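As the structure is a computational prediction, the values presented were derived from the model and not from experiment. In the text below, chain A, chain B and the rest are named by the order of the sequence lines, each starting its count at 1.
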There are 2 protein chains.
Amino acid sequence: MVTGPRGLSIGRIAAAAGVNLETVRYYERIGLMPPPDRTEGGHRAYDAAHVRRLAFIRHARALGFGIEDIRTLLALAAPGHRSCRDVRDIASAHLAEVRTKLAQLARLERILGDTVDRCSGAATPACPVLDMLDAPM
Amino acid sequence: MVTGPRGLSIGRIAAAAGVNLETVRYYERIGLMPPPDRTEGGHRAYDAAHVRRLAFIRHARALGFGIEDIRTLLALAAPGHRSCRDVRDIASAHLAEVRTKLAQLARLERILGDTVDRCSGAATPACPVLDMLDAPM
DNA sequence: CATGCATCCCGTAGCCACTACGGGATCAAG
DNA sequence: CTTGATCCCGTAGTGGCTACGGGATGCATG
């Protein structure tokens, strides 16, 4: 099994995963990405496993999982440790948080939307938005 | 017009507005709250205007406005400068952001909810959540 | 008046997940 | 061999607070 070319640069895997180059370095610093090999000159040289791991992280972040959750998910995703039950526990806890935020944001949108609708847009002092901010809620 | 008692302590106005004491100090540090009078011993002594201003800020934060927006809103709420048009511009810009976040969060909830539903909860290696995180999205 | 305890003082550092900066080294193409 | 893109590293900044700690004050008792 030949490894092929010497490995991908940090810029390449960052672009491949759709994340910032500095984010990859950050993930390495916090131990989320394992340190890759280096070229003679000290540049990082990644392999396919790194690319997969970074994609996993990126997907999990896109779903709103926090770094610590992702750390756990990565451990649970390792061969031999896969347990759907544990994964589901993390995912449903996160889902519950998402639903809470969603409800809060929807409430906020409703109040804000209603108030802005009542705004005349005139250059007058009277303003429903300011009235609401002044009044107790 | 007598000012009455010497003024409220930071702890009292914080409790009155439902914010942390340290948050009030923070607002003063960043220039959102004006520095109040002090007692001989150096403790802050607030008046009714401070209380109203803090309540305004608290309401605006509850609606998700950022600090800089609130700074502007406070200026626009000052007597003589009240302009419903300017206020509405800020509020509707914020509303647009809220709606964007709401849509993103709703999408996230849908994907996450669907995937978790397909989870058996069994102690098996096969897991829809991990499958999704591994696969390109 | 003394005591004790709650409250407040201030500066600093930490939280999350990045992002930005800057001066120098390295890489790869021509 | 030159050039221009990329990468190196450490550090600091973002938003909006929150926490900490050691000392000073305020106020209500005894």
Side-chain angles (χ1 to χ4, degrees), chain A residues 5-33 35-46 50 53-54 56-74 94 97-98 101 104-105 108, chain B residues 5-33 35-46 50 54 56-74 93-94 97-98 101 104-105 108:
Chain A
R6 295 293 161 26
L8 299 91
S9 71
I10 190 171
R12 283 191 193 283
I13 65 156
V19 302
N20 197 313
L21 177 152
E22 322 241 36
T23 303
V24 181
R25 292 209 311 119
Y26 167 70
Y27 287 160
E28 181 179 331
R29 223 165 41 236
I30 64 172
L32 204 55
M33 284 290 286
D37 287 345
R38 299 282 184 139
T39 64
E40 288 183 6
H43 287 201
R44 290 172 179 81
Y46 294 93
H50 286 105
R53 192 179 176 96
L54 185 56
F56 185 101
I57 295 170
R58 161 85 167 127
H59 298 153
R61 284 294 300 132
L63 287 173
F65 286 100
I67 297 289
E68 290 314 308
D69 274 354
I70 295 175
R71 223 183 272 279
T72 309
L73 287 172
L74 280 164
H94 176 51
E97 282 179 20
V98 168
K101 279 187 194 159
Q104 284 173 349
L105 208 55
L108 206 140
Chain B
R6 294 292 159 25
L8 298 90
S9 72
I10 189 171
R12 282 191 193 284
I13 66 156
V19 303
N20 197 312
L21 177 153
E22 322 241 36
T23 304
V24 181
R25 293 208 312 117
Y26 167 70
Y27 286 161
E28 181 180 331
R29 223 163 45 234
I30 64 172
L32 206 55
M33 284 291 285
D37 288 345
R38 298 284 184 138
T39 65
E40 288 182 7
H43 287 202
R44 290 171 179 83
Y46 294 93
H50 286 104
L54 184 56
F56 184 102
I57 295 169
R58 161 86 166 126
H59 298 153
R61 284 295 299 133
L63 287 173
F65 286 101
I67 297 288
E68 291 314 310
D69 274 354
I70 295 175
R71 223 183 272 278
T72 310
L73 288 173
L74 281 165
H94 176 50
E97 282 178 20
V98 167
K101 279 187 195 159
Q104 285 173 349
L105 208 56
L108 206 140

Grab the two heavy atoms, one from A/Pro36 and one from A/Ala45, that are nearest each other, plus how far apart they are.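 The pair with the smallest heavy-atom distance is CB-O, 3.6 Å.
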If you compare all heavy atoms of B/Tyr46 against all heavy atoms of B/Ile10, which two are closest, and at what distance to 0.1 Å?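 Heavy-atom minimum between the residues: CE1-CA, 3.6 Å.
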Identify, between A/His43 and B/Val19, the residue whose nearest nucleotide on DNA chain D lies closer to the 5' end.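 Between the two, 5'-proximity favours A/His43.
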So which one's nearest nucleotide on DNA chain D is more toward 5', B/Glu40 or B/Ile67?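 Nearest nucleotide further toward 5': that of B/Ile67.
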Proximity to the side chain of [X] - top-ranked nucleotide from [options]:
{"X": "B/Arg44", "options": "C/dA17, D/dG16, C/dC9", "result": "C/dC9"}
{"X": "A/Ile10", "options": "D/dG26, D/dA19, D/dC7", "result": "D/dC7"}
{"X": "B/Ser9", "options": "C/dC8, D/dT18, C/dC9", "result": "C/dC8"}
{"X": "B/Tyr26", "options": "D/dA19, C/dT19, D/dC17", "result": "D/dC17"}
{"X": "B/Glu22", "options": "D/dA19, C/dC9, C/dT19", "result": "D/dA19"}
{"X": "B/Thr23", "options": "C/dC8, D/dC17, C/dC9", "result": "D/dC17"}

When you measure from the side-chain N and O atoms of B/Arg61 to the phosphate of D/dC17, is any distance below 4.0 Å, counting only OP1 and OP2?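 Yes, within the criterion.
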Looking only at side-chain N and O atoms, does B/Arg38 come under 4.0 Å of OP1 or OP2 in C/dC10?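 So the side chain of B/Arg38 is within the cut-off, an N or O lying under 4.0 Å from OP1 or OP2 of C/dC10.
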When the C1' atoms of the five terminal pairs at each end define the local axes, what inter-axis angle does the helix from C/dC1-D/dG30 to C/dG30-D/dC1 show, to 10 degrees? 10°
Toward the 5' end of DNA chain C, which comes first, A/Tyr27 or A/Thr39, by nearest nucleotide? A/Tyr27
Is the backbone N or O of A/Leu74 less than 3.5 Å from a side-chain atom of A/Arg53, with the two atoms forming a donor-acceptor pair by type? no
Donor-acceptor contacts, no H, no angles, side chain residues 13-28 of chain B, under 3.5 Å, sequence neighbours left out:
| residue | atom | partner | partner atom | Å |
| --- | --- | --- | --- | --- |
| B/Asn20 | OD1 | B/Glu22 | N | 3.0 |
| B/Glu28 | OE1 | B/Arg44 | NE | 2.8 |

Using a 4.0 Å heavy-atom cut-off, does B/Ile30 contact any base of the nucleic acid, only the sugar-phosphate backbone, or nothing at all?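 It contacts nothing in the nucleic acid.
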How is B/Arg25 classified with respect to the nucleic acid when contacts are heavy atoms under 4.0 Å: base, sugar-phosphate, or nothing?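 B/Arg25: base contact, heavy atoms under 4.0 Å.
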I need the full list of salt bridge (charged side-chain N to carboxylate O under 4.0 Å, His left out) pairs touching residues 59-74 of chain B, with sequence neighbours left out, sorted by first then second residue.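 Listed once each, the pairs are B/Glu68-B/Arg71.
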B/His94 versus B/Val98: any side-chain heavy-atom pair under 4.5 Å? yes
